[in-house]
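In the text below, chain A, chain B and the rest are named by the order of the sequence lines, each starting its count at 1.
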Amino acid sequence: MIDFGRAARLWWAPQRVREEGEQPDYRFSLANERTFLAWIRTALALVGGGFAVDQFLPDLRWGVRVGMALALLGVGAACALRAVNHWLRCEAAMRRGEDLPVSRFPVLLGVGVGLVSAAMVVVVLFGWTDGGP
Amino acid sequence: MSPVRPSPAAERDAGLQPERTRLAWRRTTLACSVAAVLGVRQVLRGAGVVWEAAGAALIVLVWLAFLAVAHRRMQELAAARPPGLAPRAASGVVACTVALAVFAAAVVL
């Protein structure tokens with residue numbers, strides 16, 4: 001199960017991950033690193049999406065546009081922070097020979113992105129814009 | 001799970017793990033470049049010359065920091081059996097990503 005205390009300690013002293021357990025096969029570490037990078041790319045894409053909403057949908061009402069952009073940027077930042085947390089926990093679990101940690105984050109991210117997309121469709125369809133009908 | 005060590009005879013890594021990881025870093029720097037270009041485009045939309053220059057410089061700095069971390073890691077990955085990712089490098093790229101997001105939020109508002 002998730003040991004929050006241990007994860008939080010790792011957060012503030014990440015080099016401590018190297019003190020426990022045995023060095024896993026380097027290929028497992030590299031696979032963990034690639035997963036981390038895939039999450040970072042997801043975060044960067046969300047941040048880019050936040051910029052894009054603000055730049056490419058200038059006809060939206062100010063509140064709608066800024067709300068969407070901030071939602072995407074917030075999810076992007078959360079995604080990046082969670083990526084390093086999950087990478088550390090996976091690394092620690094591999095060193096100790098435990099099961100890899102499970103997480104609800106992918107589900108939350110999926111639902112969040114789905115909600116933002118649905119909101120965009122509604123906004124565009126119903127012309128919720130400054131110069132709209 | 002005991003660590004699996006490849007036998008000395010099987011030195012060749014059939015999965016090309018270091019190379020795949022190097023390419024993952026390259027893809028990530030490309031994603032960061034796209035986000036940075038969008039960020040600069042955002043800043044250059046009329047807030048006065050001083051603000052525009054300062055904002056663009058900040059984004060370029062974050063982008064260069066990201067590239068520096070990635071470049072160092074890609075050099076490490078050139079070894080046949082590369083060392084693990086340093087936690088500081090991981091925190092570094094995350095800090096760059098979060099900085100871009102925070103900066104974007106400030107500009108959007």
Give the minimum heavy-atom separation between B:T21 and A:R34, together with the two atoms involved. OG1-NH1, 2.8 Å
Do B:L58 and B:V93 sit in the same hydrophobic cluster, where Ile, Leu, Val, Met, Phe, Trp and Tyr count as joined when their side-chain heavy atoms come under 4.5 Å apart? yes
Under a 4.5 Å heavy-atom cut-off, does chain A meet the side chain of B:F103, its backbone, both or neither? neither
Of all of B:G39, B:C32, B:A86, which one pairs up most often with chain A through heavy atoms under 4.5 Å apart? B:G39
Is there a path of hydrophobic side-chain contacts, each under 4.5 Å between heavy atoms, that joins A:V111 and A:V75? no
For chain B, the option from A:L46, A:V53, A:V66, A:L72 that forms the most heavy-atom pairs under 4.5 Å: A:V66
So for A:A45, is it side chain, backbone, both, or neither that comes closer than 4.5 Å to the heavy atoms of chain B? neither
Applying a strict under-4.5 Å side-chain criterion to I, L, V, M, F, W and Y, I'd like to know whether A:L73 and A:L81 cluster together. yes
Is it the backbone or the side chain of B:L23 that comes under 4.5 Å from a heavy atom of chain A, or both, or neither? neither
CG (A:L37) and OG1 (B:T29) are apart, to the nearest 0.5 Å, by 10.0 Å
For each of A:D54, A:V47, A:N32, tally heavy-atom pairs with chain B at distances under 4.5 Å, and name the one with the top tally. A:D54
What distance do B:C96 atom SG and A:I40 atom CD1 have between them, rounded to the nearest 0.5 Å? 9.5 Å
Intermediate values then yes/no, side chain to side chain contact (heavy atoms under 4.5 Å, CB included), A:W87 and B:V94: CA-CA 11 Å; A:W87 173 77; B:V94 168; over 6 Å; no
Side chain, backbone, both or neither: which part of B:V108 has a non-hydrogen atom closer than 4.5 Å to chain A? both
Same apolar cluster (I L V M F W Y, side chains within < 4.5 Å links), A:L115/A:M68: no
Toward chain A, the part of B:R41 with a non-hydrogen atom under 4.5 Å: both
Return the minimal non-hydrogen interatomic distance between A:E33 and B:W25, and the atom names on each side. OE2-NE1, 2.6 Å
Pick one of side chain, backbone, both or neither for A:L70, based on which atoms fall under 4.5 Å of a heavy atom in chain B. side chain
Do A:L108 and A:V102 land in one hydrophobic cluster if side-chain heavy atoms of ILVMFWY residues count as linked below 4.5 Å? no
Write down the atom of B:A31, the atom of A:R41, and the distance for their closest heavy-atom approach. CB-CG, 4.2 Å
Interface residue of largest heavy-atom contact number with chain A, from B:L85, B:V98, B:T97, B:L38, under 4.5 Å: B:L85
A:W39 CH2 to B:T28 OG1 distance, which is reported to the nearest 0.5 Å: 14.0 Å
